[in-house]
*Asks:* 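Before I ask anything, let me first share the structure, which is written out below as structure tokens.
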Amino acid sequence: MLYFVANFYLNVQLLKMMKFQGSHILSVSQFDRDAIAKILNVSAQMAPYASRQKRCHVLDGAILSNLFFEPSTRTRVSFGTAFNLLGGFVRETVGQENSSLSKGESLFDTAQVISGYSDVIAMRHPQMHSVEQFAQGSTVPVINGGDGANEHPTQALLDLFTIQSEMMHFNKGLDNLNIVLMGDLKHGRTVHSLSKLLSLYNNVKVTMVSPKELQMPDSVISTLTNAGHQVIVTDTMAGNLSCDVIYQTRIQQERFASKDEADLYRGHFSLNKSVYKQYCQENTVIMHPLPRDSRPEANELDIDLNDLDNLAIFRQAQNGVLVRMALFALTLGVEEQLTAYEKPVNWFTNKNR
Ligand code: CP
């Protein structure tokens, strides 16, 4: 335990000194504003490679182990895509039932073995703090792809990158942001991580709209209020959605004891065009970490919003590739070498037109 605390503290200090190389990425608490600015800047540098204007093979020969012990589409595939876009190889394990964790092997032993096969590891697991536990056994950097209801640091970073990009159109930044977080704020790890990151900026107003039973954990609210930000906690949409950004979330059924219990809360805070026009500002940007639950009983983000320019959800998901490329470049220490390893794109692509 002492080793774990010392190791985690060391990583936090290393990142705070902007030394990403060789460090685990386990929690957004590791970052200060300078570190975030560095990540967002390197993310922006990845755009020509992600849009296939150029290739970059700076990670030629490197191996990512992508371990997903809980379902995922975006995080798993974008981690893999990001690594491939930098020239590296990806080895995947999907589902605990396909791994020797199902035979009783510990996270520590798994980490000792897999880190011997890899240069970096991305991991998702249903248990809170499991990725930290795994990192204790790893000899290579481990990036948290979501640990239960605890944190989803790379999602929060891509959310911040998205907010910054979207706000730029309105000559705004991350300071003085007025944001609404809505839905299952108790179990939604993305909003936990995002709130902690927002606490680092100036004069942020956060309105938290959820059923009373699914309110944001007090510890997350305190992080914002202790930093001097305005937090409104409410279970009412009317009069509370006038903001720069509305960030909708899904009822996290997998964190409830049963589907019946989750069903009690489904569909209470559906955002559709009528609600948007009535309560949001003209230019309110709509975000959602996805997946959105489009079943009629949930319908938390109606497809009638799809034709709005301010619906940023798919731009947000694409930004995940840029941010994850940046995190690989930083943790593997190649962020200054990108241009030296560029190549032209030889095949037909409509991505760069
Ligand atoms: N946003 C997100 O984490 O999506 P996936 O569960 O599909 O990875």
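Just so you know, ligand 1 is whichever comes first in the structure, and atom 1 is the first atom listed for that ligand.
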*Asks:* Per the side-chain hydrogen bond (donor to acceptor under 3.5 Å, both in side chains) rule, which among R250, Q248, H288 passes with E300?
*Replies:* H288

*Asks:* Any chance CD1 of I303 has more than 12 other-residue heavy atoms, nucleotides or ligands included, within less than 6.0 Å?
*Replies:* no

*Asks:* With backbone taken as N, CA, C and O and side chain as the heavy atoms from C-beta onward, which portion of T190 lies under 4.0 Å from ligand 1: side chain, backbone, both, or neither?
*Replies:* neither

*Asks:* Around atom 6 (O) of ligand 1, find the nearest protein heavy atom and jot down its residue, atom name and distance.
*Replies:* R124 NH1, 3.0 Å

*Asks:* Which ligand 1 atoms, with their elements, are less than 4.0 angstrom from a heavy-atom of T75?
*Replies:* 2 (C), 3 (O), 4 (O), 5 (P), 8 (O)

*Asks:* Quick one: salt bridge (charged side-chain N to carboxylate O under 4.0 Å, His left out) partners of E297, sequence neighbours excluded?
*Replies:* none

*Asks:* For R33, enumerate each residue passing the side chain to side chain donor-acceptor pair (under 3.5 Å) test, keeping only those at least two apart in sequence or located in another chain.
*Replies:* D175

*Asks:* How close does the nearest protein non-hydrogen atom get to atom 4 (O) of ligand 1, and which residue and atom is it?
*Replies:* R74 NE, 3.1 Å

*Asks:* If every non-hydrogen atom of M325 is compared with every non-hydrogen atom of L86, which pair is closest and at what distance?
*Replies:* O-CD1, 3.5 Å

*Asks:* Considering both backbone and side-chain atoms of P291, is one of its nitrogen or oxygen atoms within less than 3.5 Å of a nitrogen or oxygen in ligand 1?
*Replies:* no

*Asks:* Give the atoms of ligand 1, by number and element, whose distance to some non-hydrogen atom of T73 is under 4.0 Å.
*Replies:* 5 (P), 7 (O), 8 (O)

*Asks:* Write down the atom of V321, the atom of A82, and the distance for their closest heavy-atom approach.
*Replies:* O-CB, 3.7 Å

*Asks:* Return a yes/no value for S72: is any of its N or O atoms, backbone included, closer than 3.5 angstrom to an N or O of ligand 1?
*Replies:* yes

